[in-house]
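Structure, as structure tokens:
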Amino acid sequence: RLLFIYAVSITVHEFSHAWMAHRLGDPTAQRSGRLTLNPLAHIDPFTTLALPFFLILVGSPIIFGAARPVPFAPHLVRGGKRGAALVALAGPVSNILMAIFVSIVIRLSPGLALLGNKLLLSFVFINLALALFNLLPIPPLDGSRILYAFVPDEFGDLMDKFEQTGPLALLVIFLVLFPVIGPLLSTVVSALASWLIGNP
């Protein structure tokens, strides 16, 4: 069940990146077959499937994983750095909007919430966790792309080089930063989820 919610959430997340890039004039994602809600277009065997499955297996409070990054060409995006930041922001915003929508369903439909309570609550929690985690200003997360719009080019270039290490960057986050950030993120996500659904 959790993996199903996770798959839906990251699919919409990646589609939102592709949609925003396309809206801002960059056809790269569309030409790469990523402007779609088909999960198979966005799945990476290791970061999308194996890693979150392992975290669920060991009882991690936060599901960490990643889809295949949506390709886009910053020089084709209208608005320069600010446009690229909007492309990055689109993914987390989609998760927040999905969490808000399901929270409204829980508030307005107690009967439905009772029948699917765990499923709906898990959907809110996972989407909030994905949004907040991806907003961290650490390459290769979306937050770093947003940060690029506000920092000097030299600093952005350093972050970009670290991001290009790909699996190494994710490994550093998972092994070094996640044990520190994870508990704090879990607390914040739980508080936000309780506020959204109206629980004390």
Side-chain angles (χ1 to χ4, degrees), residues 6 9-37 41-42 44 47-48 51 62-101 126-178 180-182 184-186 188-189 191-192 196:
Y6 177 72
S9 301
I10 64 167
T11 295
V12 175
H13 180 109
E14 296 302 326
F15 168 79
S16 298
H17 285 313
W19 178 83
M20 181 59 74
H22 184 70
R23 290 281 296 178
L24 292 176
D26 177 18
T28 307
Q30 181 185 33
R31 291 172 179 171
S32 302
R34 303 296 300 279
L35 190 60
T36 176
L37 287 170
H42 305 291
D44 176 84
T47 59
T48 309
L51 184 55
I62 293 291
I63 308 292
F64 170 80
R68 288 194 299 120
V70 168
F72 83 104
H75 64 281
L76 295 179
V77 174
R78 289 192 298 272
K81 286 185 176 182
R82 300 298 172 91
L86 287 176
V87 173
L89 188 61
V93 166
S94 73
N95 295 123
I96 292 171
L97 291 177
M98 286 190 288
I100 291 173
F101 175 78
I126 287 175
N127 274 280
L128 288 175
L130 280 171
L132 293 184
F133 185 77
N134 275 284
L135 284 172
L136 294 173
I138 306 168
L141 303 179
D142 295 328
S144 66
R145 284 286 174 188
I146 298 170
L147 185 62
Y148 288 170
F150 305 99
V151 298
D153 290 340
E154 295 77 11
F155 185 70
D157 290 342
L158 287 175
M159 295 175 68
D160 194 45
K161 287 179 181 178
F162 177 69
E163 181 176 350
Q164 289 173 6
T165 61
L168 177 59
L170 286 173
L171 190 63
V172 169
I173 292 174
F174 182 61
L175 294 180
V176 179
L177 298 176
F178 190 73
V180 177
I181 296 172
L184 176 61
L185 192 61
S186 179
V188 174
V189 167
L192 284 175
L196 282 175

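When each of V189, N127, I96, L184 is tested with L132 by the rule side chain to side chain contact (heavy atoms under 4.5 Å, CB included), just one qualifies, namely V189. Remark: of the listed residues T36, L35, V70, L35 is the sole one forming a side chain to side chain contact (heavy atoms under 4.5 Å, CB included) with F15.
Interatomic distance, CE of M20 versus OG of S16, reported as 8.0 Å (0.5 Å rounding). Taken to the nearest 0.5 Å, the CG atom of D44 stands 10.5 Å off from the CD atom of E14. Expressed to the nearest 0.5 Å, how far CG of L147 lies from CG of L141 amounts to 12.0 Å. Here CG of L196 is found 13.5 Å from CZ of F101. Values are rounded to the nearest 0.5 Å.
The stretch residues 20-29 participates, sequence neighbours left out, in no salt bridge (charged side-chain N to carboxylate O under 4.0 Å, His left out) pair at all. Among pairs with a residue in residues 78-95, those fulfilling salt bridge (charged side-chain N to carboxylate O under 4.0 Å, His left out) read K81-D153, at least two apart in sequence or across chains.
At least one side-chain heavy atom of P92 sits less than 4.5 Å from a side-chain heavy atom of H17. Side-chain contact between P74 and V87 is absent, with no heavy atoms from C-beta onward closer than 4.5 Å. Put simply, the side chain of H42 does not reach to within 4.5 Å of the side chain of H13, judged on heavy atoms. Using a 4.5 Å heavy-atom threshold, the side chains of N95 and S9 count as touching. Contact check for L89 versus L135: side-chain heavy atoms found under the 4.5 Å cut-off.
Side chain of R68 to backbone of A41: a donor-acceptor contact under 3.5 angstrom is found. Judged by distance alone, with hydrogens and angles left aside, the side-chain atoms of R34 form no donor-acceptor pair with the main-chain N or O of T28 at under 3.5 Å.
Counting all heavy atoms, side chain and backbone alike, P27 lies closest to G25 at CD-O, 3.4 Å. Of all heavy-atom pairs spanning A85 and I146, the tightest one is O-CG1, 3.9 Å. Closest heavy-atom contact between A84 and V77: N-CG1, 3.9 Å.
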